[in-house]
Amino acid sequence: MDIASLSTALSTISTGNEVGVLMLSKQLDLVESQGDSMVKALEQSVSPHLGNSIDVRL
């Protein structure tokens with residue numbers, strides 16, 4: 001394998017890694033945004049008192 005093809009292969013791998021990291025970053029941002037939206041929706045629920053206590057009597 002000559003130097004030119006090795007350089008091209010390493011450049012391609014590096015670019016692929018950068019794209020993968022950027023995609024994961026975008027996915028993380030999306031999941032965080034969805035989590036925030038879910039928390040807001042739960043805070044505005046119709047019955048916010050539900051689930052605050054558990055009846056353990058038999």
For this session: In sequence, state the C-alpha distance, the side-chain angles, and the governing distance for Ser14 and Asn17, and then conclude on side-chain hydrogen bond (donor to acceptor under 3.5 Å, both in side chains).
Result: CA-CA 5 Å; Ser14 177; Asn17 287 341; over 6 Å; no
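Grouped by direct or indirect side-chain proximity (heavy atoms under 4.5 Å, Ile/Leu/Val/Met/Phe/Trp/Tyr only), Ile54 sits with Val56.
Under a 3.5 Å cut-off, the side chain of Thr8 and the backbone N or O of Ala4 do form a donor-acceptor pair. At distances below 3.5 Å, at least one donor-acceptor pair connects side-chain atoms of Ser37 with backbone N or O atoms of Ser33.
Note that CD of Glu32 is 11.0 Å distant from CD of Gln27, once rounded to the nearest 0.5 Å. For the atom pair CG of Leu10 and CG of Leu6, the computed distance is 4.5 Å after rounding to the nearest 0.5 Å.
Side-chain contact check for Ser25 versus Asp29: some heavy-atom pair is nearer than 4.5 Å.
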